[in-house]
Amino acid sequence: MTGDHHVLPLPPPPPPSTPPELHNTIEEGSQNSDQLFEDDGNELEMERNDIDIESSGLDIESNDLQDDCDQMLEIEDYHESNGDDATAVSVENGISQGKNYPPLAVGMEFESYNDAYNYYNCYAKELGFAIRVKSSWTKRNSKEKRGAVLCCNCEGFKTIKEANSRRKETRTGCLAMIRLRLVESNRWRVDEVKLEHNHLFDHERAQNCKSHKKMDAVAKRKVEPTVDVEVRTIKLYRTSMVDSVGYGCSNSLEGEISECVDRSRRLKLKKGDSQIIYNFFSNIQLTNPNFVYLIDLNDEGCLRNVFWIDSRSRAAYGYFGDVVAVDTTCLSNKYQIPLVAFVGVNHHGQSILFGCGLLGDDTFETYVWLFRAWLTCMSGRPPQTIITDHCRAMQNAISEVFPRAHHRLHLSHVMQSILENLGELQESGVFQMILNRTVYETVKVDEFEMGWDDMIRRFGITDHGFLCTLYEERERWAPVYQKDTFFAGMCTFQNGESTISFFDGYVHKQTSLKEFFDTYELVLQKTHKKEAVSDIESRGLSPVLKTSCFYELQLSKLYANEIFRRFQDEVVLMPCLRITQSHANGHVITYMLKEHGAEGDRSNTRNFEVMYDKAGMEIRCMCSCFNFNGYLCRHGLYVLKCNGVEEVPFQYILSRWRKDFKRLYIPNVESNNIDSSNPIQLFDHLYRRSMQVVEEGMKSRDHYTVAWQAFKESLNKVRLVANNHV
């Protein structure tokens, strides 16, 4: 049985416009050539490079590719050695890939321009096409190369002058290309990729092309397999750090530690753990064709980091990937297994898994590798909000990989760390009460900052180093600064609780790798069953109403039961509110609401400001419940009611909370991108379409009868085709 890891290419970003500082000369006949380049903040000069490798002087030295392979991040395909050299196929887009060189993807980085060129050249040779340098650009008054576009040799068409020559026409207007750019880290990053060709591959003609003639024998050599495992590599991101542990070291899967390498920079595995990992990945692929795993090896071929994700998690991210938490509890607390989990919440507010990793350390480079690997598997779509522990290395890595995402810290973990770092104060009930009131109950920035200052002065901790550092980063964790950040209920700022941990209760400090993998599938199955049961209950059982409010009745028919119960808590507290004043500015009205405690308790009175735009029926409360939890607060509901609005406006009813929210937990494969030679893509497409029939067939007995009849007829027709081929 063959277990394939599939590298998922990222969708190319929208092409940037040409910066005015660039002087470019691009091959005639190129379309949209003025959109191929991006300004890097320097004065750059374009040079014409519509030439092949021979004339560009980029000879591949005999040790270049070997050095490149030594520095590669290993994204692996595991195959039992059976002598089968069939070309592997990428799952997502039907693009064939070579045996040793998977397709490039946006975001991949190389140590040098030559490394990037050599890799694309090797990839092209395996598939049977040639490449050339379409164009490149350098820093003005310098020969330092800053970017380049490499294209298929069949790109473009002959000019009128060339068309009159007797040379055979070989150009087809092929659009396959990659765009490279030198980034701040002095690496060459792939900015744009087009893999589709409009012509057949010709291995014989490609062998004679100039771009392949100077390829050294090293470029042709396969990576040597370890025992019966063949390692296949692409360079996504790799640092120069050296680490150790025996995943593939000394021709063994038993995890012996290399004595000649720094032991601190490696995945710490016990004897037999590497075989456990391999067996787990191999077995799970038998039942989950789209299971993906990425493995990072060091220069000696020893295991450093691992990441994996199943097809359901990848599909679920498409529905619920707006907010993601990175749970590093096991890694930061020195558990026996250095587990990192990506966690989200579904439409019932339940934790769902978006992938797992085992990390050798918690350095910036390791987190960058992990986040890039995860982002690649998620088709390059980053979350809106990413929640993590307080870790400088992880924070810097997120800025590198997710520059546009809102990075926030686990509030409950921050609060816990404050107490743990204050010695005897953590036992003080008075201190905890003041801390909670300062963090959770302040609704304005100046209230929080004054309260914090009073607290540290009162308890004599103004010079406490940890608190000073934490306060400098208060905008990442204090609720008063988070009002424009969407959390989907993953952090309930009223009491600091959070929906973060996915393996809580299953993984402990002494849990071994074998024990974890033994329970991994069980945890997933329980989670899936819990979601299915909640679906049935939400669709079949109407929740009990507690008030006569029409908002409660409206959303009892729309929200999943658990989300409705949370919303219902807001409705129940509406009688505790009253408007004290209002101010109109055009069609925008600002209300001041006074809220007292339940059952008339006047001892805990709070004021809230609510702005209401009558024209757009838009409402904004300073408590920011909608951004924190995804549904309107009691203050907003009260203002709507006072303005005679009978139903909650549609923009405040998120589809991710609806009981009728449609999901198909299988990655989407468009029919026009299906590779008929790839059985996995055929399976995905047929399974997805059949599940749509199943969903419709469950609606009623008549729907079921039609669906069942259609299945029987389809099966008979398929068998008829099979019989005709016998």
Side-chain angles (χ1 to χ4, degrees), residues 385 406 437-451 475 478-489 491-495 546-555 558-559 563-654 657:
T385 306
H406 298 289
R437 186 174 62 200
T438 302
V439 173
Y440 296 126
E441 296 184 14
T442 53
V443 292
K444 293 183 179 180
V445 170
D446 57 349
E447 290 178 3
F448 168 78
E449 294 180 348
M450 290 175 60
E475 293 184 5
V480 291
Y481 299 98
Q482 316 297 322
K483 295 185 178 183
D484 293 323
T485 302
F486 184 66
F487 285 91
C491 289
T492 54
F493 292 112
Q494 285 78 13
N495 53 20
K546 297 182 178 180
T547 72
S548 59
C549 179
F550 28 77
Y551 303 141
E552 184 185 18
L553 176 62
Q554 175 196 5
L555 294 184
L558 300 177
Y559 279 159
I563 304 303
F564 172 74
R565 279 191 283 269
R566 300 178 188 179
F567 172 77
Q568 192 177 46
D569 290 341
E570 296 293 322
V571 176
V572 169
L573 292 175
M574 284 174 61
C576 300
L577 300 168
R578 65 183 181 88
I579 295 176
T580 58
Q581 58 179 305
S582 62
H583 172 72
N585 183 10
H587 49 75
V588 177
I589 307 175
T590 302
Y591 294 92
M592 290 300 298
L593 271 63
K594 184 177 290 292
E595 179 180 75
H596 55 76
E599 298 180 357
D601 180 12
R602 305 284 177 176
S603 60
N604 187 22
T605 300
R606 302 173 67 191
N607 296 315
F608 293 88
E609 182 180 279
V610 182
M611 297 180 65
Y612 176 58
D613 183 348
K614 283 188 172 183
M617 295 183 68
E618 295 180 358
I619 196 155
R620 180 181 178 89
C621 178
M622 64 191 306
C623 79
S624 200
C625 175
F626 183 75
N627 276 337
F628 290 165
N629 301 314
Y631 48 80
L632 277 182
C633 62
R634 54 192 178 272
H635 317 110
L637 295 173
Y638 189 82
V639 168
L640 288 177
K641 182 180 179 182
C642 291
N643 281 272
V645 180
E646 296 183 354
E647 291 188 337
V648 174
F650 70 92
Q651 66 264 37
Y652 298 109
I653 305 175
L654 301 183
W657 298 139

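In this chain, numbering begins with 1 at the start of the sequence shown.
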I'd like to check the side chain to side chain donor-acceptor pair (under 3.5 Å) partners of [X]; sequence neighbours left out, ordered by chain and number.
| X | answer |
| --- | --- |
| Thr438 | none |
| Asp484 | Arg620 |
| Thr590 | none |

Please name the pair of heavy atoms, one in [X] and one in [Y], separated by the smallest distance, quoted to 0.1 Å.
| X | Y | value |
| --- | --- | --- |
| Cys549 | Met574 | SG-SD, 4.3 Å |
| Pro575 | His596 | O-NE2, 4.2 Å |
| Val645 | Phe550 | O-CE1, 3.8 Å |

#### Entry: By salt bridge (charged side-chain N to carboxylate O under 4.0 Å, His left out) - contacts of Arg565 (at least two apart)
Glu562

### Task
Taking salt bridge (charged side-chain N to carboxylate O under 4.0 Å, His left out) as the test, write out the residues that go with Glu449, two or more places apart.
Arg474

Just verifying a value: how many Å separate [X] [atom1] and [Y] [atom2], rounded to the nearest 0.5 Å?
| X | Y | atom1 | atom2 | value |
| --- | --- | --- | --- | --- |
| Leu654 | Asn629 | CG | CG | 11.0 Å |
| Gln651 | Met617 | CD | CE | 7.0 Å |
| Phe608 | Leu593 | CZ | CG | 9.0 Å |
| Met611 | His583 | CE | NE2 | 9.5 Å |

Which residues pass the side chain to side chain contact (heavy atoms under 4.5 Å, CB included) test with [X], sequence neighbours left out?
| X | value |
| --- | --- |
| Ala584 | Ile589 |
| Thr580 | Arg578, Met592, Lys594 |
| Ser624 | Lys483, Asn627, Phe628 |

### Task
Please collect all salt bridge (charged side-chain N to carboxylate O under 4.0 Å, His left out) contacts where either partner lies in residues 624-633, sequence neighbours excluded, each pair once.
none

## Note on the structure
Residue pairs meeting salt bridge (charged side-chain N to carboxylate O under 4.0 Å, His left out), one or both in residues 609-618, sequence neighbours left out, come to none

Donor-acceptor pairs under 3.5 angstrom involving side-chain atoms of residues 630-644: please list them, not counting sequence neighbours.
| residue | atom | partner | partner atom | Å |
| --- | --- | --- | --- | --- |
| Arg634 | NE | Glu595 | OE2 | 2.3 |
| Arg634 | NH1 | Glu570 | OE1 | 3.0 |
| Arg634 | NH1 | Glu570 | OE2 | 3.3 |
| Arg634 | NH2 | Glu595 | OE1 | 3.3 |
| Arg634 | NH2 | Glu595 | OE2 | 3.2 |
| His635 | NE2 | Glu595 | OE2 | 3.3 |
| Tyr638 | OH | Leu577 | O | 3.4 |
| Asn643 | OD1 | Tyr591 | OH | 3.4 |
| Asn643 | ND2 | Tyr591 | OH | 3.1 |
| Asn643 | ND2 | Val639 | O | 2.8 |

#### Entry: Counterpart residues, ring pair (Phe, Tyr, Trp, His ring centres under 6.0 Å), relative to Tyr652 (two or more places apart)
Phe626

Within the structure provided, determine whether [X] and [Y] are in side-chain contact (heavy-atom separation under 4.5 Å).
| X | Y | answer |
| --- | --- | --- |
| Gln554 | Ile653 | yes |
| Tyr551 | Glu646 | no |
| Phe567 | Trp657 | no |

Side chain of [X], backbone of [Y]: donor and acceptor closer than 3.5 Å?
| X | Y | answer |
| --- | --- | --- |
| Thr547 | Val572 | no |
| Gln482 | Ala478 | yes |
| Arg606 | Glu441 | yes |

